Amino acid sequence: MATYPGKDIEREASCASCAACGQTTLAPAEVAAAAWEGPAARIVAVEPESPADDAGFTPGCYLTTVDGEPLRDIIDWRWLAADDVICVGYIDLDGEAGEVELEREPGERWGFEFDGVLFDSVKLCRNACVFCFMRQLPDGVRPSLVLRDDDFRLSFLSGTFVTLTNLKPEDEARIIEQHISPLRVSLHASEPELRRRMIGKHAAHGLAALDRLLAAGIEAHAQIVLMPGVNDGEALRETLEWAWERPGINGVGIVPLGFTKHQTALHESFTTPEAARGVIDVIAPFQQRARAERGTPWVFAADEFYVNAFGAATPAHIPPASDYGDYDMFEDGIGIVRSYVDEFEEVCENGLAAEAAETLAARNLTARYIVGEAMQPFLDAMIAASPLAGRLVPLTVRNDYFGGNVNVTGLLCGCDIAPAIRAASEKEGSSSLEEQGSDAGRSNRASSAANGNVQWTFPQSEDCLSELECPASLPGQAEGTRELFLLPSVIFNDNGVTLDDMTVQDIENAAGASVSVVSCNPCDYLPEIIKLAQDEP
């Protein structure tokens with residue numbers, strides 16, 4: 001999944017009015033900015049002794065123009081403020097508007113930090129994609145999760161994928177003038193009628209815009225959401241041929257259809273080994289040609305295809321790190337497994353894995369690392385063959401909140417994680433918080449803001465827990481060990497909440513066990529585990 005600039009999406013979804021963000025009154029600067037005819041960039045920090053500081057700017061002020069040109073986003077700011085002498089329009093804390101000339105030394109920073117990267121509204125999607133994940137979410141999710149952005153600026157700044165179907169002529173002219181490149185473009189299919197059926201009536205507009213931008217020197221990374229029996233097979237070959245003929249398309253990432261239980265139209269993806277290998281086989285000739293002619297595989301299958309095709313043997317079949325280059329499609333699930341496998345091998349070779357295992361053993365601890373089902377086939381096998389066997393034990397959690405084929409760790413929700421921890425803790429006889437005191441250890445372990453007033457309850461039915469039960473003892477694990485429950489940080493957003501709005505404290509309350517938030521890659525989380533173990537009594 002692409003990383004969204006949370007401030008901008010949250011603001012667009014929740015702060016259309018002061019009431020939406022819980023405010024009863026607005027400061028004078030906010031009132032003036034809301035009444036301003038153009039966009040206004042709110043300043044949240046000013047670097048000491050910078051030109052901004054020297055001019056008297058403080059957090060809460062706004063910038064409105066640079067040399068008379070409006071500031072729509074951070075791209076405009078970088079473009080317009082490139083000189084060493086600029087005239088900025090502003091709104092001060094009293095709500096008064098004015099202009100001031102700023103000057104800096106060559107290479108000096110202006111000293112402004114803005115609230116987000118977009119200073120106007122997020123450009124929204126106008127498509128009707130049959131596979132749209134945001135339309136498959138359960139009722140009641142926070143508004144930002146269902147805000148369907150299709151903004152070329154976020155594509156450039158944050159790696160989100162756009163269809164270009166909402167581009168206006170002035171948008172295209174701006175992309176070309178400011179060379180906003182590369183963009184990440186949702187391609188899906190090149191055949192016009194097939195693409196129209198997949199994304200809606202504006203499909204042709206987006207494809208024509210892409211061609212014009214490519215002809216003007218703009219580069220793009222393309223993505224294909226692959227649907228069984230729709231745009232796979234021969235249709236996929238045709239789409240890849242179309243993209244290959246356009247050298248400005250630097251690469252193509254192919255991701256499998258994702259679907260949840262909260263809809264009825266979609267029910268299968270490339271989950272069987274045969275189906276997953278079929279996709280890998282289709283792209284193999286294109287990769288071979290691309291390596292020979294362009295020095296890169298060019299087209300990449302998402303990690304899910306390899307995991308579904310090879311299961312526990314995935315590490316032996318995933319492409320080498322050299323294929324992934326700078327891992328610029330990492331957020332789309334392309335190269336994550338290779339990076340993880342290489343790091344795990346590194347920590348086994350450099351002794352970090354053995355050190356972590358020894359530290360855990362010395363304190364009679366087992367680290368239970370929360371993962372989604374997508375990791376289970378190969379992660380269990382890797383750990384079992386490492387020095388961490390029996391000390392780092394993945395706790396695989398099924399995603400019942402979304403259901404369908406959603407199984408990656410980053411989409412796990414607190415309402416599934418908490419009962420999994422509770423079940424594992426009870427099964428293994430771990431010390432619960434109730435035994436140690438209801439608040440024992442929580443304040444130091446929670447890495448996000450606690451919300452102690454929220455109480456979560458979960459049905460303890462057979463259906464709820466049947467997939468979560470663990471064997472009475474784990475391979476290689478000593479009897480009577482205590483457990484550290486570890487949550488990968490990718491589960492939480494910048495505000496410290498899961499996709500179902502649970503904090504670390506909420507999960508602890510519901511699980512009846514202490515949890516700790518750690519990193520997602522072995523080189524980082526093993527030192528964190530060592531520190532956690534050393535801090536245990």
Side-chain angles (χ1 to χ4, degrees), residues 1-6 8-9 12 73 75 117-118 122-137 144-167 171-172 175 180-190 194-196 198-200 202-211 213-214 218-227 230-231 236 239-240 242-243 246 248-259 269 298-305 324 326-336 406 408 410-411:
M1 292 184 66
T3 301
Y4 285 74
D8 302 280
I9 298 298
E12 186 74 17
D73 45 58
I75 301 172
V117 297
L118 303 183
V122 175
K123 298 181 186 296
L124 300 179
C125 179
R126 63 173 183 171
N127 301 313
C129 298
V130 296
F131 49 81
C132 179
F133 194 80
M134 292 180 180
R135 290 183 169 182
Q136 302 181 47
L137 300 183
S144 59
L145 295 181
V146 292
L147 187 143
R148 298 190 299 129
D149 61 291
D150 199 12
D151 198 315
F152 69 88
R153 300 168 299 175
L154 298 184
S155 177
F156 173 69
L157 292 168
S158 305
T160 63
F161 279 88
V162 292
T163 64
L164 306 178
T165 59
N166 62 356
L167 283 192
D171 293 327
E172 289 188 38
I175 291 170
I180 301 175
S181 175
L183 297 174
R184 292 179 177 263
V185 179
S186 296
L187 179 56
H188 307 317
S190 59
L194 174 57
R195 194 166 191 268
R196 187 198 65 78
M198 291 186 68
I199 73 172
H202 302 293
H205 179 91
L207 216 55
L210 175 59
D211 262 335
L213 293 174
L214 291 171
I218 301 300
E219 297 180 347
H221 299 291
Q223 183 188 75
I224 296 172
V225 174
L226 206 62
M227 301 182 66
V230 178
N231 61 335
L236 175 59
T239 301
L240 293 177
W242 183 93
R246 290 156 173 79
I249 296 179
N250 294 333
V252 180
I254 302 174
V255 300
L257 168 71
F259 61 90
S269 191
W298 182 72
V299 57
F300 302 87
D303 295 352
E304 292 102 313
F305 290 107
Y324 295 107
D326 294 331
Y327 289 92
D328 55 8
M329 295 185 181
F330 197 84
E331 295 294 341
D332 307 300
I334 296 175
I336 293 176
V406 179
V408 297
L411 294 182

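Everything numeric in this text was worked out from a predicted model, so none of it was measured.
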> For the atom pair CG (L154) and NZ (K123), what is the distance rounded to the nearest 0.5 Å?
Replying inline: 10.0 Å
> Within the distance-only criterion (no hydrogens, no angle test), does the side chain of D149 pair as donor or acceptor with the backbone N or O of D151 below 3.5 angstrom?
Replying inline: no
> Any donor and acceptor pair, going by atom type alone, linking the side chain of S186 with main-chain N or O of T163 inside 3.5 Å?
Replying inline: no
> Are any side-chain N or O atoms of R126 and backbone N or O atoms of D150, one a donor and one an acceptor, separated by less than 3.5 Å?
Replying inline: no
> What distance do D328 atom CG and R184 atom CZ have between them, rounded to the nearest 0.5 Å?
Replying inline: 5.5 Å
> Has the side chain of R195 got a donor or acceptor atom that lies under 3.5 Å from a matching backbone atom of A203?
Replying inline: yes
> Taking all non-hydrogen atoms of both residues, which atom of M134 and which atom of L145 are closest, and how far apart?
Replying inline: CG-O, 3.5 Å
> Is there a donor-acceptor pair under 3.5 Å between the side chain of W242 and the backbone N or O of A189?
Replying inline: no
>> Whether the side chain of N166 engages the backbone of L124 through a donor-acceptor N/O pair (distance < 3.5 Å, no angle test) should be reported.
In response: yes
> Going by the angle between their ring planes, with limits at 30° and 60°, are Y327 and F330 parallel, tilted or perpendicular?
Replying inline: perpendicular
> Is D332 reaching over with its side chain to a backbone N or O of I334, donor-acceptor style, under 3.5 angstrom?
Replying inline: no
> For N127 and R135, which heavy atoms make the closest approach, and how far apart are they?
Replying inline: O-NH2, 3.5 Å
> Hey, does the side chain of N231 reach the backbone of V225 with a donor-acceptor pair shorter than 3.5 angstrom?
Replying inline: yes
>> Strictly distance-based, threshold 3.5 Å: is any side-chain N or O of D303 a donor or acceptor partner for the main-chain N or O of G335?
In response: yes
>> Donor-acceptor pair, distance only, cut-off 3.5 Å: does the side chain of T239 make one with the backbone of S190?
In response: yes
